[in-house]
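Read through the structure below, which is laid out as structure tokens, and then see the notes.
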There are 2 protein chains.
Amino acid sequence: MREPTYFILAALQDEPRHGYAILTRVAELSQGRVTLATGTLYQALDRLAREGLIEVVRDEVVNGRARRHYALTGDGRAALRAEAVRMAEAAQVVLRVRPA
Amino acid sequence: MREPTYFILAALQDEPRHGYAILTRVAELSQGRVTLATGTLYQALDRLAREGLIEVVRDEVVNGRARRHYALTGDGRAALRAEAVRMAEAAQVVLRVRPA
DNA sequence: CACCATATGCCGCCAACTTACATATGTAAA
DNA sequence: TTTACATATGTAAGTTGGCGGCATATGGTG
């Protein structure tokens, strides 16, 4: 899993969000380091939904603009956790932070 | 930077190594999780040398077999550290391990 | 009027990884 | 002795996912 994908899942950790809200949330979570291109975002959402890591939970129209809300599935939550653990372990190989 | 690349650099942290030694060291460091295909390895070595993150430090022939030894450059060491910090921070977003 | 924020989406390109193949020696097992 | 595996390096073709650019549409601000 690559970084943009990881942060997209991470953005859905606390609550379901629609595409654009994910965009801003990812920037927030990464402290501005990751700013998703919309091409990356919407293609990733389709792919992750196909893979069953996220799912559409609501379609609404606000001010004439469509909003499609996505939420993590059980699989998605597990994959996100696993990925975080993997990264933490990989980081420790170099940082040698507490042999845990 | 993707995982295979990260572990290739990490394998050179303590001392210079030749390709095949990097292969086995990566498996060791990742506890068997990452087993590099030779295609990935040798192409990555070329690329990383081109980018100045690693450099050839010695060419030798042992038992009729060539060995090309690579070492981290200053840039490579810095890039590796930066990547490790980035991953640790990204992992914390999900794991919320000690606000540091 | 132009521009930006909000909101979604497509298309072509490219970098990096994967799979498979190719080559060569030394050693251990069948 | 011949088969197979560890050691050692490399190339070629194919896949994936992220990037940049473009398109579309509304509402608010300079």
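Lettering follows sequence order; numbering is per chain, from 1.
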Please list every donor-acceptor pair under 3.5 Å in which a side-chain atom of residues 55-63 of chain B meets a protein atom from a residue at least two apart or in another chain.
| from | atom 1 | to | atom 2 | distance (Å) |
| --- | --- | --- | --- | --- |
| B/Asp59 | OD1 | B/Arg68 | NE | 2.8 |
| B/Glu60 | OE2 | B/His69 | NE2 | 2.7 |

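A heavy-atom distance below 4.5 Å is found between the side chains of B/Leu45 and B/Ile22. Counting heavy atoms from C-beta outward, B/Arg33 and B/Glu3 have side chains that approach closer than 4.5 Å. Side-chain contact between B/Arg65 and B/His18 is absent, with no heavy-atom pair separated by less than 4.5 Å. A heavy-atom distance below 4.5 Å is found between the side chains of A/Met1 and A/Leu9.
Annotation: salt bridge (charged side-chain N to carboxylate O under 4.0 Å, His left out) contacts of B/Arg77 (sequence neighbours excluded): none. In this structure B/Arg47 satisfies the side-chain hydrogen bond (donor to acceptor under 3.5 Å, both in side chains) test together with B/Thr5, sequence neighbours excluded.
Between chain A and DNA chain D, the heavy-atom contact criterion of under 4.0 Å yields a 5' to 3' nucleotide range of D/dG17 to D/dG27.
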Go along nucleotides 6-11 of chain C 5' to 3' and tag each nucleotide: B for a protein heavy atom under 4.0 Å from its base, S when only backbone or sugar atoms are that close, - otherwise. BBBBBB

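Atom CD of B/Glu89 and atom CE of A/Met87 lie 11.0 Å apart (nearest 0.5 Å).
Between the side chain of B/Tyr6 and the backbone N or O of A/Ala90, at least one donor-acceptor pair lies under 3.5 Å.
Using a 4.0 Å cutoff on non-hydrogen atoms, the parts of residues 2-14 of chain B near DNA chain C are B/Arg2, B/Pro4, B/Thr5, ordered by number.
Classification of A/Glu28 and A/Arg25 as a salt-bridged pair holds, one side-chain N sitting under 4.0 Å from a carboxylate O.
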